[in-house]
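The structure under discussion appears below in the form of structure tokens.
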Amino acid sequence: MSTLLTVHTVGQLLRQWRQRRGLSQLDLAIAADVSARHVSLVETGRSRPSPNMILRLADQLHVPLRDRNRLLLAAGFAPRYAERPLDDTALSAALDAVRRVLQAHEPFPALVFDRRWNIVLTNRAVDPFFAHVAPDLLRPPVNLIRLGLDPRGLAPLVVNLADVRAVFRSRVSRQLAAAPDEELTALYEELLNPLPEDPVDKRVDADVVIPMILRIGGRELRLFSTITTFGTPTDITVDEIAIESYYPADAQSAAYFTG
């Protein structure tokens with residue numbers, strides 16, 4: 001998959017983002033309330049856009065905050081968005097909100113992961129599942145996809161492993177289509193390329209309808225999950241984290257956690 005690393009001008013970067021979103025110059029111009037000629041001049045480098053214009057176009061193209069900084073730098077401007085650790089004092093309100101969501105979801109499992117699926121935080125309901133995982137897989141950064149699919153991780157517990165792999169594959173494919181990333185591409189190639197045992201016609205249109213089935217202690221737990229993100233983040237770290245909350249898909253699975 002292609003990346004943005006070999007492109008240097010802001011116009012080329014904006015053109016890539018526009019084409020990735022499947023928009024014409026006219027489509028983007030209408031959405032951003034500018035002329036199509038101006039979009040063309042910016043993309044060809046005949047007009048140097050202001051920082052506000054760059055962010056205006058980036059907003060319509062749904063460019064992630066990290067890549068908005070790259071656009072600004074490519075045009076010779078200072079980055080606009082900070083990237084701080086989640087436990088930084090400036091992000092205390094966001095961290096508190098995340099911890100409240102995790103705690104409120106107990107006794108069911110919930111965790112927070114970043115754009116490369118590295119686990120940032122978990123609630124206490126996740127801990128018992130880590131007991132089945134090889135210790136080296138729990139050394140930071142702990143990757144959720146590797147944890148779920150590695151034979152030394154949770155994979156031996158997953159009854160419908162092909163389904164779970166297909167869900168991961170679908171989600172990461174959409175993520176890479178929206179914003180290419182070399183490390184995430186490498187993770188996809190390592191763990192998510194189709195295997196011979198995977199059904200060739202396996203398609204995942206709605207992740208929520210496919211439960212993950214775990215066999216633990218002779219019992220089968222059926223879980224589905226939802227994803228929560230921050231609506232209008234202004235910090236790169238907050239923009240890139242997501243909370244995955246797992247819910248029991250039947251009464252027997254609910255009883256396992258509440259009992």
Side-chain angles (χ1 to χ4, degrees), residues 1-84 86 91 94 112-118 168-189 192 204-207 226-244:
M1 299 182 184
S2 62
T3 71
L4 301 178
L5 297 180
T6 59
V7 182
H8 302 290
T9 71
V10 65
Q12 289 172 316
L13 289 171
L14 284 168
R15 182 188 297 117
Q16 282 199 355
W17 282 107
R18 176 178 61 77
Q19 292 173 341
R20 186 171 293 116
R21 300 298 184 246
L23 298 176
S24 67
Q25 289 182 345
L26 180 59
D27 293 331
L28 177 57
I30 291 173
D33 195 23
V34 298
S35 70
R37 173 175 170 76
H38 186 59
V39 172
S40 176
L41 292 174
V42 168
E43 288 189 354
T44 57
R46 288 178 289 172
S47 176
R48 183 172 184 255
S50 68
N52 287 341
M53 177 56 67
I54 292 171
L55 295 178
R56 187 172 176 177
L57 295 173
D59 188 54
Q60 297 304 319
L61 293 170
H62 305 291
V63 177
L65 300 190
R66 179 181 299 276
D67 293 289
R68 296 187 193 198
N69 276 350
R70 290 173 181 162
L71 289 171
L72 291 167
L73 286 169
F77 301 114
R80 184 71 59 90
Y81 303 99
E83 181 178 12
R84 293 162 286 207
L86 190 56
L91 299 182
V112 181
F113 59 91
D114 64 19
R115 67 190 174 110
R116 289 170 174 160
W117 294 78
N118 294 318
F168 276 134
R169 184 183 301 121
S170 174
R171 289 167 63 178
V172 174
S173 294
R174 292 197 301 268
Q175 187 178 344
L176 287 172
D181 180 275
E182 285 189 342
E183 288 192 29
L184 194 57
T185 298
L187 186 71
Y188 181 98
E189 292 173 349
L192 296 175
V204 179
D205 297 316
D207 299 351
T226 62
I227 301 292
T228 303
T229 58
F230 282 82
T232 55
T234 57
D235 181 277
I236 291 174
T237 298
V238 178
D239 184 48
E240 293 179 344
I241 62 172
I243 305 172
E244 182 146 25

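Scanning all heavy atoms of the two residues, the minimum distance from R80 to P51 falls at NH2-CB, 3.7 Å. When all heavy atoms of P49 and F77 are compared, the closest pair comes out as O-CE1, 3.3 Å. Pairing each heavy atom of P233 with each of V238, the nearest pair is CB-CG1, 3.8 Å. Taking both residues in full, the closest heavy atoms of R18 and L61 are given as CA-CD2, 3.6 Å, listed atom of the first, atom of the second, then distance. Across all non-hydrogen atoms, the minimal contact from F230 to A94 is CZ-O, 3.9 Å. Scanning all heavy atoms of the two residues, the minimum distance from T237 to L86 falls at CG2-N, 4.2 Å.
Residues N69 and E83 are not in side-chain contact: their nearest non-hydrogen atoms beyond the backbone lie 4.5 Å or more apart. D67 places a side-chain heavy atom less than 4.5 Å from the side chain of R70. Residues L73 and P79 meet the side-chain proximity criterion, which asks for heavy atoms closer than 4.5 Å. Under the 4.5 Å side-chain criterion, counting only non-hydrogen atoms from C-beta, I227 is in contact with R171. Residues R116 and L187 are not in side-chain contact: their nearest non-hydrogen atoms beyond the backbone lie 4.5 Å or more apart. Residues V34 and L28 fail the side-chain proximity criterion, which asks for heavy atoms closer than 4.5 Å.
Here L176 contributes atom CG and E182 contributes atom CD; the two are 11.0 Å apart, rounded to the nearest 0.5 Å. The structure places CD1 of I54 at 7.0 Å from CG of L14, a figure rounded to the nearest 0.5 Å. The structure places CG of L41 at 5.5 Å from OG1 of T44, a figure rounded to the nearest 0.5 Å. The CZ atom of R174 sits 12.5 Å away from the CZ atom of R169 when rounded to the nearest 0.5 Å. Rounding to the nearest 0.5 angstrom, the gap separating the CD atom in E43 from the CD atom in Q16 is 10.5 Å.
Residues passing the side-chain contact (heavy atoms from CB on, under 4.5 Å) test with T234, sequence neighbours excluded: none. Under the rule for a ring-ring contact (aromatic ring centres under 6.0 Å, His included), the partners of F113 that lie at least two apart in sequence or sit in another chain are W117. For Y81, there are no ring-ring contact (aromatic ring centres under 6.0 Å, His included) partners, not counting sequence neighbours. In terms of the side-chain contact (heavy atoms from CB on, under 4.5 Å) criterion, residue partners of I30 (sequence neighbours excluded) are, by chain and number, L26. Taking T232 as the reference, nothing meets the side-chain contact (heavy atoms from CB on, under 4.5 Å) condition, with sequence neighbours excluded. Scanning for side-chain contact (heavy atoms from CB on, under 4.5 Å) contacts around D59 gives R68, with sequence neighbours left out.
Although no hydrogens or angles enter the test, the distance criterion places a donor-acceptor pair under 3.5 Å between the side chain of R48 and the main chain of A75. Side-chain atoms of R21 come within 3.5 Å of backbone N or O of A178 as a donor-acceptor pair. Here the side chain of R56 pairs a donor or acceptor atom with the backbone of D33 at under 3.5 angstrom.
Under 4.0 Å is where a charged nitrogen must lie from a carboxylate oxygen, and between R66 and D239 no such pair does.
Residue R115 is tested with E183, E240, Q175 for a side chain to side chain donor-acceptor pair (under 3.5 Å); the sole match is E240.
With a 6.0 Å radius and a threshold of 12 heavy atoms from other residues, nucleotides or ligands, R84 has its CZ atom above the threshold.
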